[in-house]
J.: 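Pasting in a structure now, in structure tokens, and then I'll have a few things to ask.
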Protein chains: 2
Amino acid sequence: MIDSFRLPKSQERKEKYNSEKQPMSEVEAKRIIREMHLKVTTQRLAILKMLSTANQHFMVQEVYEKIHPNFPEIGFATVYRFLKKLTDHGFVTELRMGGLPSRYELAPTHHHDHMSCTQCGKVVEFENSSIEALQEKVAEQLGFTLTGHVLELYGLCPDCQT
Amino acid sequence: MIDSFRLPKSQERKEKYNSEKQPMSEVEAKRIIREMHLKVTTQRLAILKMLSTANQHFMVQEVYEKIHPNFPEIGFATVYRFLKKLTDHGFVTELRMGGLPSRYELAPTHHHDHMSCTQCGKVVEFENSSIEALQEKVAEQLGFTLTGHVLELYGLCPDCQT
DNA sequence: GTGGATGCAAAGTCTTTGCATTGGG
DNA sequence: CCCAATGCAAAGACTTTGCATCCAC
């Protein structure tokens with residue numbers, strides 16, 4: 001039923017994120033930028049590198065703050081403009097929830113969904129190709145071309161079922 | 001595949017919505033307002049009645065414009081404030097997507113999911129029991145007790161595929 | 001009567017845009 | 001060199017808040 005799953009360590013995320021994952025190589029970052037037919041600038045490289053250092057969802061504010069120390073003159077407009085390009089080209093996914101500002105994540109190389117515990121907040125990622133296939137069919141029947149989806153399951157994790 | 005679905009006729013919305021569905025009775029509307037421990041006002045009744053005349057997702061702007069003719073003095077703040085109350089109490093669901101303003105719908109008596117057009121914002125509701133069943137199984141395999149979910153499909157609607 | 005609700009306008013947030021300047025190709 | 005990209009500031013879009021007045025209860 002489940003194709004795969006993985007438990008992220010949500011607690012240590014912020015502290016550890018720099019060591020959790022290798023940032024995108026400069027070569028890879030340049031490839032992405034060129035693929036969009038845009039000029040390679042140090043600002044854009046910095047934004048891509050920053051986004052790639054963690055499997056997280058960043059607000060523009062956070063991207064800006066993270067880059068600012070090494071880039072005192074960078075402006076919000078640059079971050080917004082580049083994230084928009086990345087989103088339009090599918091390299092980044094934009095998430096909007098509640099009244100919060102938009103958050104962005106590098107489009108994952110493999111797609112996954114989330115199952116969250118409403119009690120302790122634990123998040124488990126999973127993949128299920130049957131559900132994906134059904135979504136495709138639903139969209140087709142509605143006459144839509146499916147480009148993406150958000151599937152979040154909520155419930156109680158094993159530890160919180162007491 | 002799809003158990004049911006319903007296409008909103010976005011163009012004729014304004015003209016036709018009154019005939020699409022019986023508006024909520026005044027008794028019912030008052031019951032809802034009182035259940036939230038709020039005072040019953042004509043503005044609140046008008047908003048609830050307006051929301052209930054169609055199974056659609058309304059922007060605050062639309063709610064305001066529809067009510068304004070019969071209520072020349074009503075303000076946006078009243079609409080926002082009341083929708084927030086309704087949302088907090090679960091009588092209304094808030095939807096946010098893309099860069100569009102929030103849209104609101106009366107909380108459905110039966111569960112459904114959404115397929116949204118990323119271009120024009122059109123939202124189609126659908127139900128699919130196969131997907132629901134699969135979600136249940138995924139949760140079970142992860143050891144979770146499923147209590148809810150959010151499934152949003154994104155894509156291009158027939159009109160926006162050009 | 002009295003405290004919650006309203007309308008108005010002003011303030012707040014997040015995002016986009018205009019424009020002169022900079023810098024990558 | 002030239003035009004895209006940037007930084008800054010101003011404008012825009014949506015939403016919230018402050019406050020005097022109003023009106024359910």
Side-chain angles (χ1 to χ4, degrees), chain A residues 26-27 29-48 50 57-65 67-89 92-104, chain B residues 26-27 29-48 50 57-89 92-104 118 120-121:
Chain A
E26 196 147 313
V27 174
K30 287 182 179 176
R31 194 190 60 72
I32 289 178
I33 297 173
R34 295 214 174 92
E35 197 166 317
M36 296 189 288
H37 302 291
L38 300 174
K39 289 184 178 176
V40 174
T41 65
T42 42
Q43 291 90 330
R44 285 172 174 170
L45 289 175
I47 292 171
L48 268 182
M50 188 272 166
H57 310 126
F58 291 103
M59 298 185 296
V60 167
Q61 179 74 32
E62 296 175 312
V63 176
Y64 175 84
E65 285 172 0
I67 291 176
H68 196 256
N70 306 319
F71 240 108
E73 14 26 89
I74 200 169
F76 278 98
T78 301
V79 179
Y80 275 110
R81 281 186 287 229
F82 187 46
L83 284 175
K84 190 159 203 327
K85 293 279 188 191
L86 287 166
T87 304
D88 291 346
H89 286 80
V92 153
T93 304
E94 182 183 10
L95 303 171
R96 300 187 83 211
M97 298 205 31
L100 301 166
S102 288
R103 294 179 308 163
Y104 302 83
Chain B
E26 195 148 315
V27 174
K30 287 182 180 176
R31 193 189 61 70
I32 289 177
I33 297 173
R34 295 215 173 91
E35 198 166 317
M36 296 189 287
H37 303 290
L38 300 174
K39 289 184 179 177
V40 174
T41 65
T42 42
Q43 291 92 328
R44 285 171 174 171
L45 288 175
I47 292 171
L48 267 182
M50 188 273 166
H57 311 114
F58 291 103
M59 298 184 297
V60 166
Q61 179 74 33
E62 294 175 313
V63 176
Y64 175 83
E65 284 172 1
K66 203 69 195 174
I67 291 176
H68 194 256
N70 306 320
F71 242 108
E73 14 27 87
I74 200 169
F76 278 98
T78 302
V79 179
Y80 274 110
R81 280 186 287 229
F82 188 46
L83 284 176
K84 190 159 204 326
K85 293 278 188 189
L86 286 166
T87 303
D88 290 346
H89 290 261
V92 153
T93 304
E94 181 182 11
L95 303 171
R96 302 187 80 209
M97 32 161 321
L100 301 166
S102 288
R103 293 145 68 115
Y104 300 83
T118 51
C120 69

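To find a chain, count down the sequence lines: A is the first, B the second, and so on, and within it residues start at 1. Just so it is clear, the structure is predicted and the values come from calculations on it, not from any experiment.
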J.: Between D:dA5 atom C1' and A:H37 atom NE2, what is the distance in whole Å?
T.: 17 Å

J.: Between D:dC8, C:dC8, C:dC14, which nucleotide has the shortest distance from any of its atoms to the side chain of A:E73?
T.: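 Nucleotide nearest to A:E73's side chain: D:dC8.
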
J.: Atom CG of A:L48 to atom P of D:dA5: distance rounded to whole Å?
T.: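 Taking atom P of D:dA5 as the reference, CG of A:L48 is at 14 Å.
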
J.: Working to the nearest 0.5 Å, report the span between OG1 of B:T87 and NZ of B:K84.
T.: 7.5 Å

J.: Ignoring backbone atoms, establish whether B:T41 has a side-chain N or O less than 4.0 Å from OP1 or OP2 of C:dA5.
T.: no

J.: Between P on C:dT15 and CG on A:L83, what's the gap in Å once rounded to a whole number?
T.: 10 Å

J.: Let me know, please, whether A:A77 or A:L38 comes out on the 5' side of the other along DNA chain D by nearest nucleotide.
T.: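 Nearer the 5' end of the strand: A:L38.
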
J.: In whole Å, I'd like the distance from the NZ atom of A:K30 to the P atom of C:dG25.
T.: 8 Å

J.: Does the side chain of A:F76 reach to within under 4.5 Å of the side chain of A:Q61, using non-hydrogen atoms?
T.: yes

J.: What residue pairs, at least two apart or across chains, pass side-chain hydrogen bond (donor to acceptor under 3.5 Å, both in side chains) with a residue in residues 35-47 of chain B?
T.: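 Qualifying pairs: B:R31-B:E35.
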
J.: How far apart are the C-alpha atoms of B:F82 and B:M36, what are their side-chain angles, what is the distance that settles it, and do they pass the side chain to side chain contact (heavy atoms under 4.5 Å, CB included) test?
T.: CA-CA 11 Å; B:F82 188 46; B:M36 296 189 287; 3.8 Å; yes

J.: Between the side-chain atoms of B:R81 and the base atoms of C:dG7, is any donor-acceptor pair under 3.5 Å?
T.: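 Result: at least one qualifying N/O pair found.
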
J.: Mind checking the NZ-CD spacing from B:K66 to B:E62? Nearest 0.5 Å is all I need.
T.: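 B:K66 atom NZ to B:E62 atom CD measures 10.0 Å (nearest 0.5 Å).
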
J.: Could you tell me the separation between the NZ atom of B:K39 and the P atom of C:dT2, rounded to a whole number of Å?
T.: 12 Å

J.: Write down the distance between CD1 (B:I47) and P (C:dG7), rounded to a whole number of angstrom.
T.: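 Rounded to whole Å, this separation is 9 Å.
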
J.: Pick the nucleotide of DNA chain C nearest each of A:Q61 and B:I74; which residue has the one closer to the 5' end?
T.: B:I74

J.: Categorize A:R44 for me: base, sugar-phosphate, or nothing, with a 4.0 angstrom heavy-atom threshold over every strand shown.
T.: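 Touches sugar-phosphate only.
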
J.: Mind calculating the distance between NZ (A:K84) and P (D:dT6) to the nearest angstrom?
T.: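 Taking atom P of D:dT6 as the reference, NZ of A:K84 is at 15 Å.
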
J.: Measure the distance from CZ on A:F82 to C1' on D:dA4 and round it to the nearest whole Å.
T.: 14 Å

J.: Between A:Y80 and B:Q43, which residue's closest nucleotide on DNA chain C lies nearer the 5′ terminus?
T.: B:Q43

